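Here the structure is laid out as structure tokens; the discussion comes afterwards.
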Amino acid sequence: MTVDNKTSKEQTIFNHIGNKIKTEDREINVVARLEEPLIVVLENVLSDEECDGLIELSKDKMNRSKIGVTHEVNEIRTSSSMFFQENEYDILTKIEKRISTIMNIPVEHGEGIQILKYTPGQEYKAHFDFFTSSSIAAKNNRISTIILYLNDVEHGGETFFPKLNFSVSPRKGMAVYFEYFYNDKNLNELTLHGGAPVFTGEKWVATQWMRRQSSRS
Ligand SMILES: O=C(O)CCC(=O)C(=O)O
Ligand SMILES: [Fe+2]
């Protein structure tokens with residue numbers, strides 16, 4: 001008998017089976033999934049009121065996005081952004097809890113929800129969400145991401161995965177989840193992704209990144 005290791009799938013963090021995820025206060029629908037690396041498209045993650053509420057709470061605090069340890073303004077990401085403090089508002093506490101159930105990781109491992117806003121021409125070029133192993137941040141590296149779409153985008157703004165020839169179109173209340181904590185480095189690297197340029201309208205997303213260990217002291 002020959003044993004082919006390639007046929008055995010690696011274990012995932014996301015542990016839900018079937019078409020629905022029941023959280024404390026909301027039933028989420030699984031719309032599509034890619035198995036390896038695991039990418040799950042989810043529907044009914046946020047209500048319209050929650051989407052509008054997150055935009056309302058953040059819209060006067062948006063700054064040009066900064067990335068990396070040096071926090072320099074960089075052409076990789078031209079959108080504007082802001083971070084909420086954990087538990088800053090009741091609506092956030094509820095959403096963080098729901099997201100934690102979906103991602104199957106304790107709330108304390110989250111970085112705090114980040115809001116991104118793109119106007120026409122703005123984009124987020126292809127990148128990894130995890131830090132390179134040589135960086136200090138990699139000591140407690142990110143392991144999974146959920147991107148929540150807060151509005152419908154008229155044209156453009158897809159979340160794209162260039163190594164997988166796969167993209168997700170933004171849709172209010174929906175989300176895309178993916179993880180990159182595989183033993184096989186190649187699987188992690190297949191999660192390269194970006195936000196395609198917005199052509200018409202605005203694009204608002206909320207991102208939660210999870211860390212391997214608690215990010216709160
Ligand atoms: O805007 C998008 O679709 C992608 C956002 C993203 O990659 C991130 O926030 O890490
Ligand atoms: Fe990202």
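Side-chain atoms are counted along with the backbone in the values below, which use heavy atoms only and exclude waters and symmetry mates. Order of appearance sets the numbers: ligands from 1, and atoms from 1 within every ligand. Worth saying up front: this structure is predicted, and the values here are computed from it rather than measured.
For Arg77 and Tyr124, the positive end sits near the middle of the six-membered ring, less than 6.0 Å away and at most 45° from its axis.
Using a 4.0 Å cut-off to heavy atoms of Asp129, the atoms of ligand 1 that qualify are 10 (O). Taking a cut-off of under 4.0 Å to the non-hydrogen atoms of Thr207, the atoms of ligand 1 that pass are 8 (C), 9 (O). Less than 4.0 angstrom separates some heavy atom of Tyr118 from each of these atoms of ligand 1: 1 (O), 2 (C), 4 (C), 5 (C). Close approach of ligand 1 to Thr159 (heavy-atom distance below 4.0 Å) involves ligand atoms 2 (C), 3 (O). Short contacts between ligand 1 and His127, defined as distances under 4.0 Å to a heavy atom of the residue, involve ligand atoms 6 (C), 7 (O), 10 (O).
Under a hydrophobic clustering in which Ile, Leu, Val, Met, Phe, Trp and Tyr are joined whenever their side-chain heavy atoms come within less than 4.5 Å, directly or via other members, Val30 and Ile13 fall into the same cluster. Phe160 and Ile76 fall into different hydrophobic clusters, where Ile, Leu, Val, Met, Phe, Trp and Tyr residues are linked whenever their side-chain heavy atoms come under 4.5 Å apart, directly or through other members. No path of Ile, Leu, Val, Met, Phe, Trp and Tyr side chains, each step under 4.5 Å between heavy atoms, connects Phe131 with Leu190, placing them in separate hydrophobic clusters.
Closest protein heavy atom to atom 4 (C) of ligand 1: Ile147 CD1, 3.7 Å. With hydrogens left out, the protein atom closest to atom 8 (C) of ligand 1 is Tyr124 CE1, 3.8 Å, a heavy atom. Of the protein's non-hydrogen atoms, Lys203 NZ, 3.1 Å is the one closest to atom 2 (C) of ligand 1.
Taking 4.0 Å as the cut-off between side-chain N and carboxylate O, Arg211 and Glu111 count as a salt-bridged pair. Between Lys125 and Glu123 there is a salt bridge, since a side-chain N of the basic residue sits under 4.0 Å from a carboxylate O of the acidic one.
In terms of polar-atom proximity, defined here as any N/O pair under 3.5 Å, Thr145 makes no such contact with ligand 1.
Counting heavy atoms from C-beta on, the side chains of Asn151 and Val205 never come closer than 4.5 Å.
No part of Gln114 comes within 4.0 Å of ligand 1, judged by heavy-atom distances. For Leu116, every heavy-atom contact with ligand 1 shorter than 4.0 Å involves the side chain, none the backbone.
Looking at His193, its side chain never comes within 3.5 Å of a backbone N or O of Phe128 through a donor-acceptor pair.
Within Asp129, the N, O or S atom at minimum distance from the Fe ion (ligand 2) carries the name OD1.
Looking at Phe178, Phe181, Tyr180, Tyr177 one by one, the single match for ring pair (Phe, Tyr, Trp, His ring centres under 6.0 Å) with Phe14 turns out to be Tyr177.
The closest approach between any non-hydrogen atom of Glu158 and ligand 1 is not below 4.0 Å.
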